[in-house]
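Worksheet for the structure shown next.
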Number of protein chains: 2
Amino acid sequence: MPDQDPARPTLADVAARAGVSASTASLAFSGSGPVAEATRQRVLAAARELHYAGPDPRARSLRRGRSGIIGVVIEERVREAFRDPIHIAQFDGIAEEIGHIDAALLILAASPAHPLGGVKAMPTEPVRPVTVEDAPIDAAVLMGCTPRLADSVSALRDRGLPVVAIEGFPAEGVLVIEQDNRDATERGARHLRQQGHERVAIITLPLDAAHHRGLVTQELLAIGSSATALQRLEGARAVFPDARAYAAAGSYVDEGRRAALEILSLPEGERPTAIIAQSDLLAVGVIRAAEELGIAVPDRLSVIGFDGVRVDGLWPYELTTLEQPAYEKGRAAGRAIVRMLEGGEAEVVAFTSVLRVGNTTAPPPAG
Amino acid sequence: MPDQDPARPTLADVAARAGVSASTASLAFSGSGPVAEATRQRVLAAARELHYAGPDPRARSLRRGRSGIIGVVIEERVREAFRDPIHIAQFDGIAEEIGHIDAALLILAASPAHPLGGVKAMPTEPVRPVTVEDAPIDAAVLMGCTPRLADSVSALRDRGLPVVAIEGFPAEGVLVIEQDNRDATERGARHLRQQGHERVAIITLPLDAAHHRGLVTQELLAIGSSATALQRLEGARAVFPDARAYAAAGSYVDEGRRAALEILSLPEGERPTAIIAQSDLLAVGVIRAAEELGIAVPDRLSVIGFDGVRVDGLWPYELTTLEQPAYEKGRAAGRAIVRMLEGGEAEVVAFTSVLRVGNTTAPPPAG
DNA sequence: GAGGCGACTCGAATCGATTCGATCGCGCTT
DNA sequence: AAGCGCGATCGAATCGATTCGAGTCGCCTC
């Protein structure tokens, strides 16, 4: 029994009460056709009397073929997306642009890839899972998604929906909003090199789908799927080929702290004089760890981040970081979606990060 | 023509190719019924060959009567919701809880109320507006909504959808997650009184739908519709009945600064010795303004906020504020939705704010 | 006064899937 | 060997609205 309440009125009921046909009633509501004003009023009155709440959006969107909803696909759990300032800025930008066509934003967590028709866990859940492949959306924006989603993406394409990705691996039929992760990180690394640093460590964003934490090995690199993390790693190693890298399990302050505590446990003279963190939150964690260990920043340890979000409670530090235009990236994605929905072609957009030098980087200690 | 591409395959096509009936094909996909493994494989194979992307979510949700989407209604433009840390924490909490039933979150900006069947602006927009009343949602969470939405809310009720409100005016059939705005502010005000303050000013959140800025007059109070702002104002005036209040046009640092510059333009001796701001962001603005005017905080001006979000770049200040459990409020709303969707009754939850004393409040200057 | 034109209204097909009840075999029991 | 039970499959109704083509009716024109 799909209907929860018996006898919720339908358009047909309203039409009957108003003494018109369903088609006329529909016209009266949608306004797309000639309806006599008197008739229209009669229909609206009937609707009021029956407490009819207007055409059912489900039926409407089935018939019309459009739902007015844009999906934003993230690969973490939904709640984590709200923790990351970069995500938020990008949401913001997307919302700004699709607001122009009055579309709404559906936040979707990518489900673990499941084969076409794979068995769902519980057949009679009160609410069925909304996955990327079966959400009533008109288009999708992928945020930092990995090839793990390839199946879902091709399902979207099979549906004929426009798909735009903000960073991530290029895929057939997906418009990518690009970010110069590799080159930007290389610029940041060069900045360290110029200051005289030789021993550098890297803390990366999660590389693989399972978010493995720890030293980045060949094996981990091989299964690495995060374009963003890999590109930034590549940029850093272009300058410091032998730099050790540690993967964090997420872009959180505490993950940065944890990795840094491990990195900095070496005796001075062996331990790195600089750490390249792949996000500002990680970098803040590094600074916290240094404070705990009594290692002065930037005198004995330089720290560089990525993102350019202004992190809370960092005073007196001003993080040296690579500032990326997250809000603008979101807008570009939104604009692309709008254009594609209107039947046009959207072109690839590439964004550039700017090195903002703060007071967390300095020449390495003389010794 | 609803379909954009000609000949996108449907379940019937797949069934035909697999040599089974549509009903069997449906069973093969949904898994809710006995289907021979061989048949199932045949159907899935046919689907692959035709590039069939799975059952159309629109049709599915029409038939099933559920879409798996929970709407979160905000009254600002969507993008502004992402700017407010309290909103974000609440989103986060909601997402956490509804994640348990695999539902997704639809962010909806409340449209200006329009009468049932009111004329839409453009009949042939590429994407139709998604308003509160016609979004394919299974339930709605209202975030800080005003009576302006009364029509939309009653439409939701007519649809038989569960509706939960986080703060806001109680409405028939709407479960409210409450916050002790009035009493909490009163406690904060009493803290100032105990320190000896007499001349106090208040900076409120937007009171009315139009977000009028400026001195709070009787007229403004009369059209005030934000429960949160009104309750907090009431709490402050319970202690300082004659305190002047200024409405900000939004919860932003710059709005707080702007209001404070006006408030503090009086000669010392007449100007307030303390300012009660209705949000932390506003309070930070007050501190900024005081810095600009060379007024020492807390020596010559005490400042108290509301929210307990840790605002960036405030050092060396630790804001005295009323800490509210925003994340928990979101969770409570999410839990209530889940319970109601499962057919149960959800009970009202009330949250309490705690006064956290920082270093922005002190006794007023002796003079 | 007949023809014609418009403004309205209606019937019926359609969107694409789900689901209930009925049917059909087929193996097993007694 | 007849009867039974059960798993697999199918037909048809249904979900609730939109839309197209086909009337219907009144009024204007020549």
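A, B, ... follow the sequence lines: proteins, then strands. Residue 1 opens every chain. All heavy atoms count here, side chains included; hydrogens, waters and symmetry mates do not. None of the values given here were measured: they were computed from a predicted structure.
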(message) From CG of A:Leu11 over to P of D:dT19, roughly how many Å is that when rounded to an integer?
(response) 12 Å
(request) Starting at atom CD of B:Glu37, determine the distance to atom P of D:dT9, rounded to an integer number of angstrom. (result) 11 Å
(message) Consider side-chain contact (heavy atoms from CB on, under 4.5 Å). Of B:Val73, B:Leu105, B:Leu106, which one does B:Ile137 pass it with?
(response) B:Leu106
(message) What is the separation between atom CG on B:Asp158 and atom P on D:dG16, rounded to the nearest whole Å?
(response) 15 Å
(message) Please determine whether the number of non-hydrogen atoms from other residues, nucleotides or ligands lying under 6.0 Å from atom CD of B:Glu345 exceeds 12.
(response) no
(message) Without decimals, in angstroms, what is the distance between A:Arg159 CZ and C:dG16 C1'?
(response) 11 Å
(request) With side-chain contact (heavy atoms from CB on, under 4.5 Å) as the test, would you mind laying out the steps for B:Leu11 and B:Tyr52 before giving the verdict? (result) CA-CA 8 Å; B:Leu11 184 58; B:Tyr52 176 70; 3.7 Å; yes
(request) Determine the sole option in A:Val164, A:Ile337, A:Val72 for which the side-chain contact (heavy atoms from CB on, under 4.5 Å) test with A:Ile94 is passed. (result) A:Val72
(message) Just the rounded figure in Å: distance from C1' of D:dG16 to CZ of A:Arg64.
(response) 13 Å
(request) Heavy atoms under 4.0 Å is the rule here; annotate nucleotides 9-14 of chain C 5' to 3' with B where the base is hit, S where only the sugar-phosphate is, and - elsewhere. (result) BBB-BB
(request) Can you tell me the distance, in whole Å, between the CG atom of B:Leu62 and the P atom of D:dA17? (result) 9 Å
(request) Whole angstrom is fine here: how far is it from CG in B:Asp134 over to P in D:dA17? (result) 12 Å
(message) Taking the six-membered ring for Trp, are B:Phe91 and A:Phe91 closer than 6.0 Å centroid to centroid?
(response) no
(request) Verify the contact: side-chain N or O of B:Ser61 to OP1 or OP2 of C:dA17, cut-off strictly under 4.0 Å; return yes or no. (result) no
(request) Sort out for me which residue in A:Gln90, A:Glu178, A:His87 forms a side-chain contact (heavy atoms from CB on, under 4.5 Å) with A:Ile166. (result) A:Gln90
(message) Under 4.0 Å from OP1 or OP2 of D:dG16: is there any side-chain N or O of A:Tyr52 that close?
(response) no
(request) Using a 4.0 Å heavy-atom cut-off across all strands, classify B:Ser26 as base, sugar-phosphate, or nothing. (result) base
(request) Grab the CG-P distance between A:Asp13 and D:dG16 for me, whole Å please. (result) 9 Å
(message) Salt bridge check, A:Arg157 against A:Glu172: does any charged N sit closer than 4.0 Å to a carboxylate O?
(response) no
(request) Give a yes/no answer on whether the side chain of B:Arg60 brings an N or O atom under 4.0 Å of OP1 or OP2 in D:dC15. (result) no
